[in-house]
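Take a look at the structure set out below.
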Amino acid sequence: MPSGARQRLFLAHGKLRSGWRLLLFVVLFTALVLLARFLVRLAPPPPLHLELFWQGLALLAAALGAGWLLLARLDRRPPGALGFAWTSATPRELLRGLAVGVVSLGAVAASLTAAGALHYRQEAGTSTAYLAALAGSLLLLAPAAAAEEAVFRGYPFQVLVEGVGPLLATLLASAGFALVHVSNPEASPLALLNIFLAGVLLSLAYLRTRSLWFASALHLGWNWVLASPLDLPVSGLDLFDTPLYDAAAAGPRWITGGAFGPEGGLAGTVATLVAIWAVWRLPGLGEAPEMHALQPLVDSRLAPAAKGRAA
């Protein structure tokens, strides 16, 4: 068989294999989510302020359980190949991910405040309550951020990259990421476009490092700085009440995002593009040697970037 025909046959087989593995993930993930919901009903209801934490933890367990099982049984890879293996680069990835999320949105919010499009007024509270609120919100948001990464940049995304390549996989995963936010309060076409771009950002974060730690930390830093230090809605959801001050958008909605938060306006577009540029250009960011040894699925389509590989 000519080499060109052999390559086309290989690609067609890869796409077909990706399709049924995706279907298996959806079935298994759905079953585990339903099981988690059943178990939750048997237990006493959690306090309202911990509901987000436990929901995120249940989704994370379902996504990891389905991904790890399929990775081991169908792909003959260890669980760490999914992206949550602890490597020598993980502490640096966590810090850099948080920094990219916090700085990109923080800089845009500072610009909005300086331009008078975002106002802060003083509220009651103490410095102790303020610091406790910042730390508590970081902890409460962490499982939800990791769960979304395990779903949208975990096994399904990695199977797509292996089957159809990184570009199409990124577009499909980012479209799915935007679609699950359609029913969020105050969602608009611009908001959904920004969520799509955020999907591109987080896909790039995974592809550069093969690390879900990095993508999750970036996702967490983004959500946390919006919800707690900036006291703004996250994708239309007003999650926390930060002591000492309260925020209010005063500029046009197409700029500030209005009740959806900055992700619903041009401010969110700018912040996302800045973050994409940072992840693309950040020096010393790459696949850790320990992660490469685990043979992530995407490595079959992406040549390891030895120059950028983390030490």
Side-chain angles (χ1 to χ4, degrees), residues 1-26 29 63 66-68 70-72 74-78 80-85 93 148-180 192-193 195-216 218-219 272-273 275-282 285-289 291-310:
M1 181 183 295
S3 60
R6 195 160 51 239
Q7 184 179 16
R8 286 193 295 272
L9 183 62
F10 171 78
L11 291 174
H13 173 72
K15 291 175 183 177
L16 182 63
R17 188 167 179 266
S18 296
W20 64 257
R21 283 187 295 162
L22 280 173
L23 180 60
L24 282 175
F25 176 86
V26 170
F29 173 69
W68 284 341
L70 294 175
L71 197 65
L74 300 181
D75 303 291
R76 307 301 179 191
R77 303 290 207 284
L82 192 69
F84 277 122
E93 289 167 352
E148 289 195 12
E149 292 314 299
V151 172
F152 288 100
R153 261 64 62 178
Y155 190 78
F157 175 68
Q158 294 167 32
V159 163
L160 276 174
V161 173
E162 186 186 38
V164 300
L167 178 58
L168 184 55
T170 296
L171 295 177
L172 290 172
S174 301
F177 191 54
L179 281 174
V180 300
L192 295 177
L193 173 62
I195 298 296
F196 174 85
L197 290 175
V200 173
L201 162 67
L202 293 163
S203 297
L204 177 62
Y206 170 76
L207 291 172
R208 275 215 67 187
T209 60
R210 322 293 200 266
S211 169
L212 289 176
W213 290 114
F214 179 62
S216 297
L218 200 164
H219 196 149
T272 310
L273 293 176
I276 289 173
W277 177 86
V279 171
W280 183 265
R281 300 293 297 173
L282 205 60
L285 198 63
E287 184 181 23
M291 181 58 72
H292 180 62
L294 295 173
Q295 299 180 327
L297 293 176
V298 300
D299 276 2
S300 63
R301 292 297 293 263
L302 299 170
K307 184 175 69 173
R309 194 178 302 164

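Taking each heavy atom of Ile195 and Phe177 in turn, the nearest pair found is O-CD2, 3.5 Å. Of all heavy-atom pairs spanning Val151 and Ala63, the tightest one is CG2-CB, 3.7 Å. Of all heavy-atom pairs between Leu297 and Arg21, the closest is CD1-NH1, 4.1 Å. The two atoms that bring Pro296 and His292 nearest to each other are CD-O, 4.2 Å, heavy atoms only. Residues Phe196 and Leu171 share a closest heavy-atom pair of CE1-O, 3.6 Å. Residues Glu162 and Ser300 share a closest heavy-atom pair of CG-OG, 3.4 Å.
In this structure, Leu168 and Leu160 have side chains that are not in contact, with every pair of non-hydrogen atoms separated by 4.5 Å or more.
Between the OG atom of Ser18 and the CG atom of Leu23 there is a distance of 12.5 Å, given to the nearest 0.5 Å. We find the CD-CG distance between Glu287 and Leu294 to be 9.0 Å, quoted to the nearest 0.5 Å. The distance from the CG atom of Leu74 to the OH atom of Tyr155 is 5.0 Å, given to the nearest 0.5 Å. Remark: Leu82 CG to Arg210 CZ distance equals 13.5 Å, nearest 0.5 Å. Within the model, atoms CD of Glu149 and CG of Leu212 stand 7.0 Å from one another, a figure rounded to the nearest 0.5 Å. To the nearest 0.5 angstrom, Asp75 atom CG is 11.0 Å from Gln295 atom CD.
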For residues 197-204, dump all side-chain donor-acceptor pairs below 3.5 Å to protein atoms at least two apart in sequence or in another chain.
residue	atom	partner	partner atom	Å
Ser203	OG	Gly199	O	2.8

Do Leu70 and Val159 pass the side chain to side chain contact (heavy atoms under 4.5 Å, CB included) test, and can you show the C-alpha distance, the side-chain angles, and the key distance before you say yes or no? CA-CA 11 Å; Leu70 294 175; Val159 163; over 6 Å; no

Quick one, Phe157 with Thr170, criterion side chain to side chain contact (heavy atoms under 4.5 Å, CB included). Give me CA distance, side-chain angles, the key distance, then yes/no. CA-CA 8 Å; Phe157 175 68; Thr170 296; 3.8 Å; yes

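Scored by the side-chain hydrogen bond (donor to acceptor under 3.5 Å, both in side chains) test, Ser211 finds Glu93 as partners (sequence neighbours excluded).
Seen from the ring of Phe214, Arg153 does not count as a face-on cation partner, given the 6.0 Å and 45° thresholds.
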